[in-house]
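Data block below; observations after.
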Amino acid sequence: MNPISNVWRLIRTGATFERTGALDVAMRELGAPKGLRIAAKIVMWPVQWLGEQGDPSQPPVVRAITALGPSYIKFGQILSTRPDVTGDDLSQQLKVLQDRLPAFDLATARAEVERELGAPIDMLFSEFSPPVAAASIAQVHRARVADTGLEVAVKIRRPGIARAFARDINAFYFAARTIELLSPRSRRLKPTEVIAHFHEVVQQELDFRLEASAGAEFAANCAKDDRFRVPAVIWSLSAQTVMTTEWIEGINLSEVIALRAQGIDMQEMAARIVQVFLGHALRDGFFHADMHQGNLKVGPEGDLIAFDFGIMGRIDAYTRRIYAEILFGFLRKDYLRVAQVHFEAGYVSPDHDMEAFAQALRSVAEPIFGQDASHISMARLLAHLFDVTERFGMETRTELILLQRTMVVVEGVARSLDPNMNMWQVSRPVVEKYIRDNIGPKALVRDLAVTARVLSRFGPLLPRMAEEALIRTNNPQWRDRDHTESRRDGMVYMVAGVVLGALAVIVGVWIGQGL
């Protein structure tokens, strides 16, 4: 898509918001300054006729977002979990974006199943209902497998959705590059990389084979989790645009009155949602990254049930430890340790003053800790932390974007059940357990053992590499070779040292345990 098309798309976005009456509502609810609201109105009013009209029966913001398409709907889903940002009224309006969007017709759905699975639908399913839920990417039908009688949920991708996402993504890339060009200060935030990350996530969400694989992996990780369930994938009835899973009854988390009628302890459930998310992120490094109310239900026995695995997050073991240490440091109000972790991880350049950074972190956290529990917000902490890191030149960590965004969404979902939930008290047991299990002498021994096992796989190569390094070192003809080979020789010695050191520590621990 060329720049003119991208500019046109962005203009139509603003025009759609103005034409539907959503611009005034959105800017007012989000607390935009009066001058900015007036300026936006002046710019967009003459071109409002270029925007989409949308469905007049819907509230203005919902009308604009649904008219603009799936990428904007995704953003609206996130905002629907943040009544502290949007206000209660707008948050309630946006909840329809989670799973109550207009569905496409049953005939189209049946045809797509037959085309993708390569068989008449009546041969595959003895029952096939009209859509029971419809979201931005797909809609879900309740069905019964013809061969086994198993009751299942059949998820079918919306027609033309891939093309619509591609159009929006191109416009977002254009906007990000324009921002980087016009505002050099914004480059540390890596807006283009952020859009690239979003693009990758969307591509995965559009291919249901990847979602099925993610769901199966997530189910395996959570198999022993108490009171948490993930529906099993039916692989023989799944493909690129169709995914079939077992059907699990439950009450949607947005139906607060129904949950109370079932006798659900709302405070306990709110805490469980937060702890489940943190547990998966820290324990497995693989977490559900789209945990809004539309993707969570409570079963008849009080189990928390997760659906829709199109957006999953991964963080490596080292990043998990960094993240846990930062959270733990804030929980203990050990701001110097939080600062040290940022410096050790390379998040903040070493030419900055660590104690000054710690002081800045204290200014972020202390006002939040001093507030009533209902105002202790992870989202607010991240917003303040963002301001501080800008002062210290910290670049956006793209590997943490999905984790931080999901934490904000999870907090919003939990607070919809228990507005007075103390995010820090709820998080503390999970973070402390992770710290106990993964930071300390036992964790060090485990890490060294894993390192030794990895290096042992290269054992047959090490003698030859060491011999070549020694020959080069002792041979005058090789001493003045370029620095690349010198660095390689140094790496050989380092590897050998790590192997010997790891083995020595492990043997020492074994001997100590034997004594």
Side-chain angles (χ1 to χ4, degrees), residues 74 77-78 81-82 98 137 194 197-198 200-205 207-208 210-233 243 245 253 269-298 303-328 378-379 381-382 397-415 417 421 423-424 426-435 437-438:
K74 274 292 172 192
Q77 289 174 349
I78 296 171
T81 68
R82 302 303 312 181
Q98 294 175 0
I137 300 292
V194 170
H197 177 77
F198 178 65
E200 181 182 355
V201 168
V202 167
Q203 289 299 108
Q204 293 177 0
E205 193 172 10
D207 190 337
F208 290 174
L210 297 177
E211 180 177 348
S213 178
E217 180 181 352
F218 191 52
N221 289 345
C222 305
K224 296 182 179 180
D225 288 0
D226 184 40
R227 301 178 69 191
F228 181 78
R229 293 186 63 188
V230 175
V233 174
M243 184 178 75
T245 64
L253 270 186
M269 183 58 68
R272 197 193 321 170
I273 291 166
V274 173
Q275 292 173 349
V276 160
F277 161 70
L278 280 176
H280 295 159
L282 294 176
R283 181 192 68 192
D284 306 322
F286 187 58
F287 59 92
H288 196 305
D290 200 18
M291 288 183 66
H292 59 73
Q293 288 97 330
N295 290 335
L296 295 170
K297 292 185 178 182
V298 178
D303 293 340
L304 181 64
I305 308 165
F307 301 88
D308 194 345
F309 311 106
I311 304 179
M312 303 294 290
R314 288 189 189 274
I315 47 176
D316 61 63
Y318 177 71
T319 303
R320 297 204 301 270
R321 291 190 188 182
I322 293 299
Y323 192 71
E325 283 214 71
I326 290 173
L327 286 178
F328 191 60
M378 187 66 67
L381 171 69
L382 293 174
R397 310 299 305 189
T398 53
E399 71 272 21
L400 291 178
I401 290 173
L402 201 55
L403 179 68
Q404 292 173 342
R405 194 216 78 175
T406 308
M407 177 166 274
V408 172
V409 171
V410 167
E411 183 191 12
V413 172
R415 285 192 185 278
L417 303 180
M421 181 195 69
M423 186 72 176
W424 298 105
V426 168
S427 303
R428 190 178 192 109
V430 180
V431 177
E432 287 183 339
K433 183 180 186 305
Y434 176 84
I435 294 291
D437 294 344
N438 292 276

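With sequence neighbours excluded, no residue forms a side chain to side chain donor-acceptor pair (under 3.5 Å) with R320. With sequence neighbours left out, the side chain to side chain donor-acceptor pair (under 3.5 Å) criterion links R428 to E432. Residues forming a side chain to side chain donor-acceptor pair (under 3.5 Å) with D303 (at least two apart in sequence, or on another chain): none. Under the rule for a ring-ring contact (aromatic ring centres under 6.0 Å, His included), the partners of F287 that lie at least two apart in sequence or sit in another chain are F277. Evaluation of the side chain to side chain donor-acceptor pair (under 3.5 Å) rule for H280 yields D225 as partners, not counting sequence neighbours. Scanning for side-chain contact (heavy atoms from CB on, under 4.5 Å) contacts around L210 gives Q204, D207, with sequence neighbours left out.
D226 contributes atom CG, which lies 12.0 Å from atom CZ of F228 (distance to the nearest 0.5 angstrom). One finds the CZ atom of R415 at 11.5 Å from the CG atom of L417 (value rounded to the nearest 0.5 Å). We find the CZ-CG distance between F307 and L296 to be 9.0 Å, quoted to the nearest 0.5 Å. Interatomic distance, C222 SG to F286 CZ, rounded to the nearest 0.5 Å: 9.0 Å. Here CG of L282 is found 11.0 Å from CG of D437. Values are rounded to the nearest 0.5 Å. Taking CG of N438 as the start and NZ of K433 as the end, the distance is 8.5 Å to the nearest 0.5 Å.
Checking side-chain atoms of R283 against main-chain N and O of N221 turns up a donor-acceptor pair under 3.5 Å. Checking side-chain atoms of E205 against main-chain N and O of I311 turns up no donor-acceptor pair under 3.5 Å. When atom types are taken as modelled, the side chain of N295 and the backbone of D308 share no donor-acceptor pair closer than 3.5 angstrom. In this structure, the side chain of Q275 does not engage the main chain of V430 through any donor-acceptor pair within 3.5 Å.
You'll find the side chain of P231 reaches within 4.5 Å of the side chain of F309, heavy atoms only. Looking only at side-chain heavy atoms (C-beta outward), L253 and V413 come within less than 4.5 Å of each other. In this structure, V276 and V410 have side chains that are not in contact, with every pair of non-hydrogen atoms separated by 4.5 Å or more. Taking the side chain as every heavy atom from C-beta outward, V274 and S427 approach each other to under 4.5 Å.
When all heavy atoms of M407 and Y323 are compared, the pair lying nearest together is SD-OH, 3.3 Å. Shown here for A414 and A270, the closest heavy-atom pair between the two residues is O-CB, 3.4 Å.
A salt bridge does not link E325 with R321: every distance from a Lys NZ or Arg NE/NH1/NH2 to an Asp or Glu carboxylate oxygen is 4.0 Å or more.
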| said: Does D290 form a side chain to side chain contact (heavy atoms under 4.5 Å, CB included) with H292? I'd like the steps, not just the answer. | reply: CA-CA 6 Å; D290 200 18; H292 59 73; 3.3 Å; yes
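Considering R229, M269, K297 in turn, M269 is the only one that fulfils the side-chain contact (heavy atoms from CB on, under 4.5 Å) rule with L304.
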